[in-house]
Participant: 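Before we start, here is the structure in question, set down as structure tokens.
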Amino acid sequence: MKTLLIVYHSHTGGARQMAMAAADGALAERNLRVELRHAPEAGSHDVLTADGFLFACPENLGSMAGLMKDFFDRHYYAALDQLNGRPYASLICAGSDGHGAARQIARIATGWRLKAIAEPLIVLTHAQTPEAILAPKHLHADNLARCSELGEAMASGMALGIF
């Protein structure tokens with residue numbers, strides 16, 4: 001049975017909600033194991049044994065969140081040349097853009113020789129003040145549905161051997 005590893009980090013809950021919605025969607029596929037890991041807890045074994053990846057994080061100051069970057073820093077070289085061709089997608093929760101974090105994840109995925117199966121899914125919260133940025137996030141149902149659909153599509157594609 002193939003394994004989809006969903007690695008996430010979230011400061012205010014938005015990216016966590018996105019990751020959980022994607023996991024819920026992926027669980028619709030019975031012929032696939034779904035592993036959901038908070039970035040600091042994801043180990044090398046999780047990375048090396050996964051058949052596909054979803055990476056979810058907030059964008060902070062135009063970059064991926066530090067603990068997500070730490071995940072990649074801890075596992076990058078151990079996994080280099082061992083993940084070639086495996087599928088991935090990314091989920092970004094951002095106040096106004098999200099593309100900086102998406103580009104960083106894409107660069108790392110290119111180094112790991114992963115295959116993107118979708119454009120980055122970016123959810124904008126439009127938080128612009130310090131108070132709004134730091135406040136707990138409650139994402140709209142339509143955005144969570146998009147995350148669920150991506151998780152389901154990735155799981156189905158993996159189970160069918162499409163990617």
Participant: Suppose we screen for side-chain hydrogen bond (donor to acceptor under 3.5 Å, both in side chains). Which residues come up paired with Thr3, at least two apart in sequence or across chains?
Facilitator: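 Partners of Thr3 by the side-chain hydrogen bond (donor to acceptor under 3.5 Å, both in side chains) criterion, ordered by chain and then number, come out as Arg33.
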Participant: Check Gln128 against Ala132 and note the closest heavy-atom contact, atom names and distance.
Facilitator: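 Closest approach of Gln128 to Ala132: N-CB, 4.2 Å.
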Participant: How far does CZ of Arg86 sit from CG of Leu114, to the nearest 0.5 angstrom?
Facilitator: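 Here the interatomic distance stands at 8.5 Å.
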Participant: Hydrophobic cluster membership, with links at side-chain heavy-atom distances under 4.5 Å among I/L/V/M/F/W/Y: are Leu67 and Tyr8 in one?
Facilitator: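 Leu67 and Tyr8: separate clusters.
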Participant: Using a 3.5 Å cut-off and no angle test, enumerate the donor-acceptor pairs between side-chain atoms of residues 142-160 and protein atoms at least two apart in sequence or in another chain.
Facilitator:
unit_1: Asn143; atom_1: OD1; unit_2: Arg146; atom_2: NH1; d: 2.9
unit_1: Ser156; atom_1: OG; unit_2: Glu152; atom_2: O; d: 3.0

Participant: Quick one: CD on Glu131 to CG on Leu134, what's the gap to the nearest 0.5 Å?
Facilitator: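 It is 8.0 Å, given to the nearest 0.5 Å.
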Participant: Residues two or more places apart in sequence or in another chain: which of them pass salt bridge (charged side-chain N to carboxylate O under 4.0 Å, His left out) with Asp51?
Facilitator: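 For Asp51, no residue satisfies salt bridge (charged side-chain N to carboxylate O under 4.0 Å, His left out) once neighbours in sequence are set aside.
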Participant: Side chains of residues 11-31: which donor-acceptor partners sit under 3.5 Å, not counting sequence neighbours?
Facilitator:
unit_1: His11; atom_1: NE2; unit_2: Asn60; atom_2: ND2; d: 3.1
unit_1: Gln17; atom_1: OE1; unit_2: Leu139; atom_2: N; d: 3.1
unit_1: Gln17; atom_1: NE2; unit_2: Gly13; atom_2: O; d: 3.1
unit_1: Gln17; atom_1: NE2; unit_2: Lys137; atom_2: O; d: 2.6
unit_1: Glu29; atom_1: OE2; unit_2: Asn31; atom_2: N; d: 3.2

Participant: Answer yes if Leu121 and Val7 sit in the same cluster of Ile, Leu, Val, Met, Phe, Trp and Tyr residues linked by side chain heavy atoms under 4.5 Å apart, and no otherwise.
Facilitator: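 Unlinked, Leu121 and Val7 end up in two clusters.
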Participant: Atom CG of Leu5 and atom CZ of Phe53: how far apart are they, to the nearest 0.5 Å?
Facilitator: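 That separation rounds to 6.0 Å.
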Participant: Check Val47 against Trp112 and note the closest heavy-atom contact, atom names and distance.
Facilitator: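 Looks like CG1-CH2, 4.2 Å.
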Participant: Would you say the side chain of Pro58 lies within less than 4.5 Å of the side chain of Ile92, judging by non-hydrogen atoms?
Facilitator: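 Answer no - side chains too far apart.
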Participant: Is Leu91 reachable from Ile6 through a run of hydrophobic residues whose side-chain heavy atoms are each under 4.5 Å from the next?
Facilitator: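 Yes, same cluster.
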Participant: Cluster question for you: counting only ILVMFWY and a side-chain heavy-atom cut-off of under 4.5 Å, with indirect links fine, are Phe55 and Phe163 together?
Facilitator: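 Not linked; separate clusters.
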Participant: List the atom pairs, donor and acceptor, that lie under 3.5 Å between side-chain atoms in residues 73-84 and the rest of the protein, sequence neighbours left out.
Facilitator:
unit_1: Asp73; atom_1: OD1; unit_2: Lys69; atom_2: NZ; d: 2.7
unit_1: Asp73; atom_1: OD2; unit_2: Lys69; atom_2: NZ; d: 3.2
unit_1: Arg74; atom_1: NE; unit_2: Asp70; atom_2: OD2; d: 2.9
unit_1: Arg74; atom_1: NH1; unit_2: Ala42; atom_2: O; d: 3.2
unit_1: Arg74; atom_1: NH2; unit_2: Ala39; atom_2: O; d: 2.6
unit_1: His75; atom_1: ND1; unit_2: Ser44; atom_2: OG; d: 3.0
unit_1: His75; atom_1: NE2; unit_2: Ala42; atom_2: O; d: 2.9
unit_1: Asp81; atom_1: OD1; unit_2: Arg113; atom_2: NH1; d: 2.9
unit_1: Gln82; atom_1: NE2; unit_2: Ala78; atom_2: O; d: 2.8

Participant: Between side-chain atoms of residues 94-110 and protein atoms elsewhere (two or more places apart, or another chain), which donor-acceptor pairs fall under 3.5 Å?
Facilitator:
unit_1: Asp97; atom_1: OD1; unit_2: His99; atom_2: ND1; d: 2.8
unit_1: Gln104; atom_1: OE1; unit_2: Met64; atom_2: N; d: 2.6
unit_1: Thr110; atom_1: OG1; unit_2: Ala106; atom_2: O; d: 2.9

Participant: Is there a chain of hydrophobic side chains (I, L, V, M, F, W, Y, each step under 4.5 Å between heavy atoms) that links Ile162 to Val34?
Facilitator: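 Yes, Ile162 and Val34 fall within the same hydrophobic cluster.
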Participant: Side-chain contact test, heavy atoms from C-beta onward, threshold under 4.5 Å: evaluate it for Tyr88 versus Leu4 and give yes or no.
Facilitator: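 No. Closest side-chain heavy atoms not under 4.5 Å.
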